Structures are given as C-alpha cells and as structure tokens.
Student: 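Following this message is one structure expressed as structure tokens.
Please read these numbers as outputs of a predicted model, since none were measured by experiment. Ligands are counted one by one from 1 in listed order, and the atoms in each one are counted from 1 as well.
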Amino acid sequence: MTKGSDRMSEDVDLETPVLIVGGGVAGLTASMLLSSFGIPSVLVNRYPHTSQLPKAHILNQRTMEIFTDIGVAPAVLAQSTPLANLQGVAMYTAFEGDGPAEQYARRIAYADGWGAGNTDPDYLAASSCPTANLPQIRLEPILKAHAESHTLGDIRFGHELLELTQGEHGVSAFIVDNDRETSYRVRAKYLLGADGGRTVANLAGISMADHVQLGHALNAHITADLTPYFDDPEVWIRCVFNPDHPEYLDFGCVLIGIGPNNWGHRSEEWLVSMPLVTDDPAASEPANVAARLGDSLGIRNFNPKIHHVSKWVMDSVLAETFQKNRVFLLGDAAHRHPPTGGLGLNSAVHDAYNLCWKLAAVLQGQAGARLLDTYTTERRPVDAANIHASLNAAIHHLVITQALGLSSSKTSEENWAALRPLVDDTSVDAETKKHAVSQVFAESSNEFRLHNIEFGYSYQSSAVVRDGDLELTELDSARLYQPTTTPGHPLPHAWVEHAGVRIALRTLTHGGYFLLIAGEDGHPWIEAAEKAAARYGVAVRTARVGMGDVDLIDIRFAWLKNRGITPTGAVLVRPDGHVAWRSAAADENPLAALSMAFTQILAITPM
Ligand SMILES: Cc1cc2nc3c(=O)[nH]c(=O)nc-3n(C[C@H](O)[C@H](O)[C@H](O)COP(=O)(O)OP(=O)(O)OC[C@H]3O[C@@H](n4cnc5c(N)ncnc54)[C@H](O)[C@@H]3O)c2cc1C
C-alpha cells in the first residue's frame, strides 16, 4: 500500500449503515439527505478542505428544489447572484487594440440563459425555485456546514479510502486519516462512491464506457476590475473574441462573474475558461496566464490577481453500471461531461436525490433491496442524455465561432473583416450578418436553455407503474419542458393554498414522503392511501387538490391544467417528486389498486 500501512496504527473500527466516499457536492448532498431521512452515515473526504477551485456554478431549478427539501436553499440564495444579474449570455469583441476604436468592446450576440433571471414564463411556471449561481468554492462550505449540523452525519475531511471489499451483508473499507497518520476500518451496509471517479469504481470493478475527449482547458480564478470594459449588469456569462490574436479565436475566452459582493460587470472575482492550446507546462504559470488573458481579452498590461489556475481535460465518460452489489456510484464518479450546459454539478445532486430515498426505504425495512436496482435503470439513461447534451453544446460553441466568420487559421485582418458588419452599422450587409448570427445563437440555446434535459427528465423502471398512456410527444426534447403527470415524470408545479398559506405542491413530498393527490371527489383514494400507508409502513401525505370543497386550493389552476386526471382520480408521487402511479378516475377497489402500486414500487410482497 503506497500510503505505508506499516507507519500507521489501526484505529477503532466503525460500523455505519452508509459510508460515503467523497465530500464534494454529490457526497455532501447524500449525507444531508440520509440524515433528513433518519439514516446515520459516515462521509470521508481525501482533502481536509472543500474545493479550492470555483469549478461549476449554475444551480438549476431542480437542484434548487432539492436544496429546498434539504433546507440549505436559503443559505445558498443568500450568496448567489441576484436575479437581475442572472439574465443572459453575451459575446463581445476584445476591449482594446491597435485597430479602429469602434470595433472594440462591442456586444455582438446575446441570448437568455437558464430562465433569464426567472423572467422566462416557462421557468416561472415550472417551479417555485429560480435558477441560482454560486461557484463551488462558495457552495461546498455551505453544504459541508449544513451536513455537519446533522448529528446523524459523521463528516470526516482529511480521511481517504484506500481499499474496499464487499461481502454478502456489507462493505468493508480501509480508511486513513491523513493528518494523524492513523487508519481504521469502516463496515457499512452500503457504500456510495462520490469520489469524482478517482478510486471507488476501480476498486468495485465497475468499468467506464463511451470515453470522448474534446481537448484540454485552462481555468483561472482571478480578481480584476472589468468595469471599464463592460456596462451590462444583466449578463452573467460572457465570451470575448479577439481577432488581434487569431490563435485564441476558435473558442474565445469565457468570463463568469462570481461576485462575491457585486455582480454583473461589477463582479470583483471572475472564473475564466479558455482552451489550452499548447503542451508547454509553463502555460499555467500565473505570469503566463495573465499575459494570455490580456491577449485574449485585449487588455494591455493586464495584471489581475490570480488565485488559482487549473488545467483539466474536457471529456465525457459513463460508468457501465452505477451499482455493483452494495456499492453505488454518483456524480462525477458515475459520469463526466464538458461544462457546457452546466450539467455536471447538477446531475451529481440529482443522482443523490434519486438514490437516497431508496436507500432509506430499504434500510428502514419499507422496501425490498430490488428497489436499489432501479437507481441505475433510472439515472443512467438520464446521465447519458446529459452527456449527449453537454457534448452537443460544446460542439455547437464552435458553430457560433464559424457563424461569426472567425477562425484561428485566418489572419487578424480577415477575422476583423468578418466581424465588420456586426460592429459597423453602416456596413451594407450589417442586417444580413446580424440576423445570421442571431439565428445561430438562438439555435445555440441548446447550451443555455436545456430545460427538459435538466428539469423535465423522467424515469422508467419497476419503481414507476406505467398506466398505458402514450408517452408525451415532445416538442423539443432538450429545450422545452412540458409538465405532465404521466408516471415517471416529475410532478408538475402548482401553487396551492390552505387557510391562507401558499405552498408549492411539490414540497409536500419533502422529508421523504410519498404524496397522494386526489381530485375534488377523490375521497376514497385518500382513505385508501391512509390504510395502505399503515399496511406498508410508509410515510404518505394526502390531499384533495382543486376548487370548491378541497384540502388545497388550486389558486392559479396550474394543477387543473396539468393533472391529467378527473375529479375522481388520483396521482401518487414518490419522495423524489416523480409521479409513481396514477388513476384517471375512481376505482372499484382503491385500496387494492394502491396496494398493487406500493408493492411494485417498493419491491415488496403484497399483504
Ligand atoms: C477544473 C474543473 C472545472 C469545472 N468546471 C465546471 C463548470 O464550469 N460547470 C460544470 O457544470 N461542471 C464543471 N466541472 C465539473 C464539476 O465540478 C463536477 O461535475 C462536480 O464537482 C461533481 O461533483 P462530485 O461531488 O461528483 O465530484 P467532485 O467534486 O470531484 O468531488 C469528489 C470528492 O471526492 C474526494 N475523493 C476522491 N477520492 C477519494 C478517496 N479515495 N477517499 C476520500 N475522498 C476522495 C475528492 O477529494 C473530492 O473532494 C469542473 C470540474 C473541474 C475539475
């Protein structure tokens, strides 16, 4: 063993229902969820600190719903970009140079991004939670503090898993405490590999498939005053092209304002992302990064404060399976993709949300172990679609460059000539070129608007009871989320009211509850659900939702619009907010119908 087991003493062994390996977003989310379901867990993380790099930052609506369930959303929102500064994505020419002044610092394209600061009606209708934006350097400490506040979650940073073995009844892991140079064994019923793909998959014998490598990237976290160059508070992602340096033109230079006190162009800190176009190891030295940034942005003598630089591979990979006996993979350990589309961090959270209620149900004796098989069945196709969408978005980025007429193989003059119609309104082909670029940029909304991919994803497995309905005809499978109660889909959002208190319907699943929603005349379903809950020992909330004599008033008719059932029907929702079963109308024997649904979903024998 490389860490030298001979220099270590074996500490007291630990027993826990769940060992989580990795204290990034996936592992910390899993820890908080398990604690909220009453399941103790131990989390080990190799380094003593959370991420030192800003890395991912977009927190989509589904992630914010999950953070709301966990109770961490208010702390995240308190530090996130204000909505007014979270509206769009724009492209610019470089700021300064030796050519005519009017060609510099010009905005050449703009698109709404991720709900346009919660002004896009589709996003407003889809969820009670707006998109948020907080880089991992600020997000992870919030998640860690919250995970540590639960007494059931034992969080151990600076502890590293080196070995694991699986038996019929559990997993045994060898952990070293890197600070104290001691080691100990943890015995767990289940192990979650949330280690970013570094160790667990290998040790568990899970292989990776579909490897695609797009190239190398250079990320820098800097402090710089860019207020002299932009005046666009509504923009949060900027891409700058500098024809004076054609060698950097193919992807441009992406700038993301990361606050922390001011936002938009007034941001004090920035995450900068550029393709790495050289093998020279010196490229990531701070002085060279500053020079490269100055060239890419067109700022003479640019002298930002550089906090961190990282070189990383833009690639995609998908685990063959997300489960091997008692070991599960989640987050980057199970799948990696390019950052285009912002799906990496978000899908890590979504994986944890799918898995943890199932683990809790099995550990608490409400579900059979076969329920856990549905984790791979449900999440792997969704994560494969995420990979596909991220790759598509990354490739489309190059299409934008082409539409602009820019290329690293052209001279500066040729590249500026290509941009001329966009920066010179008197140019004869200004309107034609602007429209052509707008068309391509609108098409490239598959990078900035993946609402159905990131929010509307659905599941098909034995933990969903199909009702014979035809699947929805999708109008745009990536960009357009269409609410439906077809089993497997996420519960459509509706604001509902009881005694003057307004809540989002979906929040009734929070804390690990199934939710039985009946129509106005669905009293028999409510009674049957209460009996089934007692029979199978599951936590179920019930409500008749609609107008008139109901428990929850459908104040904006959003539920009526999307419920897909009659006043005598019912919809059963899982603790992760996905519809598990529905009945369009009354049933002669509602208890038998619900018993059948629960036994299938929970993989248990009917009583
Ligand atoms: C430089 C960089 C920039 C990125 N930028 C973006 C972006 O702009 N947008 C985007 O969507 N995504 C981005 N990503 C991807 C995004 O950061 C990940 O998708 C996200 O962090 C996944 O979270 P995770 O918890 O699954 O894994 P990670 O964040 O990788 O966390 C895994 C944790 O496990 C720990 N660990 C590893 N091995 C062990 C072990 N043996 N024992 C104990 N602990 C262990 C690690 O120390 C780490 O803390 C970027 C990634 C990198 C590396």
Side-chain angles (χ1 to χ4, degrees), residues 2-3 19-31 42-60 63 114 133-137 139-140 143-144 147 155-164 173-178 186 191-204 216-221 237 254-256 258 271-274 276 284 308-317 319 322 329-352 383 386-387 389-390 393-394 447 450 454:
T2 50
K3 290 271 171 180
L19 173 62
I20 302 167
V21 182
V25 173
L28 290 168
T29 302
S31 169
V42 173
L43 180 151
V44 292
N45 187 68
R46 176 188 284 155
Y47 298 113
H49 47 72
T50 49
S51 176
Q52 309 271 286
L53 299 167
K55 299 205 288 188
H57 49 95
I58 296 161
L59 306 174
N60 66 34
T63 296
W114 290 273
N133 189 53
L134 192 63
Q136 275 175 260
I137 33 165
L139 173 68
E140 287 186 8
L143 302 184
K144 178 168 180 268
I155 309 293
R156 299 172 168 226
F157 270 56
H159 292 221
E160 180 174 1
L161 172 134
L162 292 188
E163 290 173 3
L164 74 87
F174 181 67
I175 311 286
V176 292
D177 173 342
N178 286 328
V186 178
L191 184 147
L192 308 191
D195 62 326
R198 286 163 188 86
T199 319
V200 174
N202 237 339
L203 292 176
H216 291 77
L218 194 70
N219 274 20
H221 172 201
I237 301 182
V254 177
L255 285 167
I256 295 144
I258 55 171
L271 168 60
V272 192
S273 193
M274 308 166 277
L276 188 60
S284 55
H308 277 287
V309 178
S310 65
K311 287 193 267 191
W312 59 296
V313 183
M314 251 224 226
D315 65 351
S316 69
V317 71
F322 289 6
L329 302 181
L330 56 162
D332 271 21
H335 46 81
R336 277 198 317 276
H337 15 97
T340 35
L343 295 164
L345 179 163
N346 288 295
S347 54
V349 174
H350 305 178
D351 287 346
D383 287 316
N386 288 342
I387 289 176
S390 311
E447 181 177 350
L450 287 166
E454 66 183 14

Student: Out of all atoms in ligand 1, which are within 4.0 Å of some heavy atom of G24? Include the element for each.
Tutor: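 Matching atoms, with element in brackets: 25 (O), 31 (O), 33 (C).
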Student: For atom 21 (O) of ligand 1, grab the closest protein heavy atom and report residue, atom and distance to one decimal in Å.
Tutor: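 Answer for atom 21 (O) of ligand 1: Q136 NE2, 2.9 Å.
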Student: So, for A30 and L192, which heavy atoms are closest and what is the spacing to 0.1 Å?
Tutor: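 What the structure gives for the nearest pair is CB-CD1, 3.9 Å.
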Student: For ligand 1, which atoms, with element, lie under 4.0 Å from some heavy atom of V25?
Tutor: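 Checking each atom against V25, I get 25 (O).
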Student: Give the atom numbers and elements of ligand 1 that come within less than 4.0 Å of a heavy atom of V21.
Tutor: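 Listed by number with element: 40 (C), 42 (N), 43 (C).
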Student: Working to the nearest 0.5 angstrom, can you tell me the gap between I155 CD1 and I20 CD1?
Tutor: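 Result: 6.5 Å between the selected atoms.
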Student: Please state which protein non-hydrogen atom is closest to atom 19 (O) of ligand 1 and give its distance, to 0.1 Å?
Tutor: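 Of the protein heavy atoms, D332 OD1, 2.7 Å lies nearest.
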Student: Just going by heavy-atom distances, which of A194, P48, G22 is nearest to atom 32 (C) of ligand 1?
Tutor: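 Comparing heavy atoms across A194, P48, G22, the nearest one to atom 32 (C) of ligand 1 lies in A194.
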Student: Looking only at protein heavy atoms, identify the closest one to atom 11 (O) of ligand 1 and say how far it is in Å.
Tutor: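 Answer for atom 11 (O) of ligand 1: G344 N, 3.4 Å.
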Student: Any idea which protein heavy atom is nearest atom 53 (C) of ligand 1, and the distance to it?
Tutor: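 For atom 53 (C) of ligand 1, the nearest protein heavy atom is K55 CD, 3.6 Å.
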Student: For atom 3 (C) of ligand 1, find the nearest protein heavy atom and state the residue, atom name and distance (0.1 Å precision).
Tutor: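 So the nearest neighbour among protein heavy atoms is N219 ND2, 3.5 Å.
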Student: Check each of L343, V309, D195, L162 against atom 36 (N) of ligand 1 and report the one with the nearest heavy atom.
Tutor: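 The option holding the nearest heavy atom is D195.
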Student: Are the side chain of Q136 and the backbone of A56 linked by a donor-acceptor contact shorter than 3.5 Å?
Tutor: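 It does hold such a pair.
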Student: Please indicate whether any nitrogen or oxygen in G331 is less than 3.5 Å from any nitrogen or oxygen in ligand 1.
Tutor: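 Such a contact does not occur with ligand 1.
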Student: Can you report which non-hydrogen protein atom sits closest to atom 43 (C) of ligand 1, along with the distance?
Tutor: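 Nearest neighbour among protein heavy atoms for atom 43 (C) of ligand 1, to 0.1 Å: R46 N, 3.2 Å.
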Student: Output yes when a side-chain donor or acceptor of N219 lies under 3.5 Å from a complementary backbone atom of S310, and no otherwise.
Tutor: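 Answer holds: no.
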Student: Which of these, N45, L345, V44, has its nearest heavy atom closest to atom 48 (C) of ligand 1?
Tutor: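 Heavy atom nearest to atom 48 (C) of ligand 1 belongs to N45.
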Student: Rounded at 0.5 Å granularity, tell me how far CG in N133 sits from CD1 in I237.
Tutor: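 Taking CG in N133 and CD1 in I237, the distance rounds to 7.0 Å.
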Student: So if I count the atoms of ligand 1 from 1 in the order they appear, which ones are less than 4.0 Å from some heavy atom of G342?
Tutor: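 What qualifies from ligand 1 is 11 (O).
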Student: Heavy atoms, side chains only, cut-off 4.5 Å: are L276 and W312 in contact?
Tutor: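 Heavy-atom side-chain distance check fails, nothing below 4.5 Å.
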Student: Less than 3.5 Å apart, any donor N or O on the side chain of H350 or N386 sitting next to an acceptor on the other?
Tutor: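 H350 vs N386: no donor-acceptor pair found between side chains.
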Student: Which ligand 1 atoms are under 4.0 Å away from a heavy-atom of S310?
Tutor: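 Heavy-atom distances to S310 below 4.0 Å select 1 (C).
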Student: To the nearest 0.5 angstrom, please state how far the CH2 atom of W114 sits from the CG atom of N346.
Tutor: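 Reported to 0.5 Å precision, the distance equals 9.5 Å.
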Student: What's the shortest distance from atom 42 (N) of ligand 1 to any protein heavy atom, and which residue and atom give it?
Tutor: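 I find the closest protein heavy atom is L161 N, 3.0 Å.
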Student: Starting from atom 27 (O) of ligand 1, locate the nearest protein heavy atom and write down its residue, its atom name and how far away it is, to 0.1 Å.
Tutor: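 It is G196 CA, 3.9 Å.
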Student: Distance-only, no hydrogens or angles: does the N178 side chain make a donor-acceptor pair with backbone N or O of E160 under 3.5 Å?
Tutor: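 Side chain of N178 to backbone of E160, a donor-acceptor pair under 3.5 Å: no, none is there.
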Student: Is ligand 1 under 4.0 Å from a heavy atom in the side chain of E160, in the backbone, in both, or in neither?
Tutor: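 Near ligand 1, E160 shows its backbone as well as its side chain.
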Student: Check whether T340 reaches the backbone of S390 with its side chain - one donor and one acceptor, N or O, closer than 3.5 Å.
Tutor: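 Side chain of T340 to backbone of S390: a pair is present.
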Student: At a 4.0 Å threshold, what atoms of ligand 1 neighbour a non-hydrogen atom of H159?
Tutor: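 Taking each heavy atom of H159 in turn, ligand 1 has 43 (C) under 4.0 Å.
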Student: Would you say T199 has any N or O atom under 3.5 Å from an N or O of ligand 1, going by distance alone?
Tutor: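 N/O-N/O distance below 3.5 Å exists for this pair.
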Student: How many angstroms lie between CG in L330 and CG in D351, if you round to the nearest 0.5 Å?
Tutor: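 Atom-to-atom, L330:CG and D351:CG are 6.0 Å apart.
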Student: Between D195 and V21 (side chain of the first, backbone of the second, donor and acceptor by atom type, cut-off under 3.5 Å), is there such a pair?
Tutor: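 Judged by distance alone, no pair lies under 3.5 Å.
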Student: Ignoring hydrogens, just give me the one of A56, P54, A352 whose non-hydrogen atom is nearest atom 14 (N) of ligand 1.
Tutor: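 Among A56, P54, A352, the closest heavy atom to atom 14 (N) of ligand 1 comes from A56.
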Student: Mark the output for R336 as yes if a heavy-atom distance to ligand 1 is under 4.0 Å, and as no if none is.
Tutor: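 No heavy atom of R336 comes that close to ligand 1.
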Student: I need the contact type for A26 against ligand 1. Using non-hydrogen atoms and a strict under-4.0 Å cut-off, is it side chain, backbone, both or neither?
Tutor: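 For A26, the contact with ligand 1 is made by both the backbone and the side chain.
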Student: Relative to each other, are the rings of F322 and H335 parallel, tilted or perpendicular (30° and 60° limits)?
Tutor: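 Judged by the thresholds at 30° and 60°, the geometry between F322 and H335 is tilted.
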Student: Donor-acceptor pair, distance only, cut-off 3.5 Å: does the side chain of E140 make one with the backbone of S51?
Tutor: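 Yes, the answer is positive, given that a donor and an acceptor are paired below the 3.5 Å cut-off.
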Student: Is any N or O atom of Y47, backbone or side chain, closer than 3.5 Å to an N or O atom of ligand 1?
Tutor: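 N/O-N/O distance under 3.5 Å: no.
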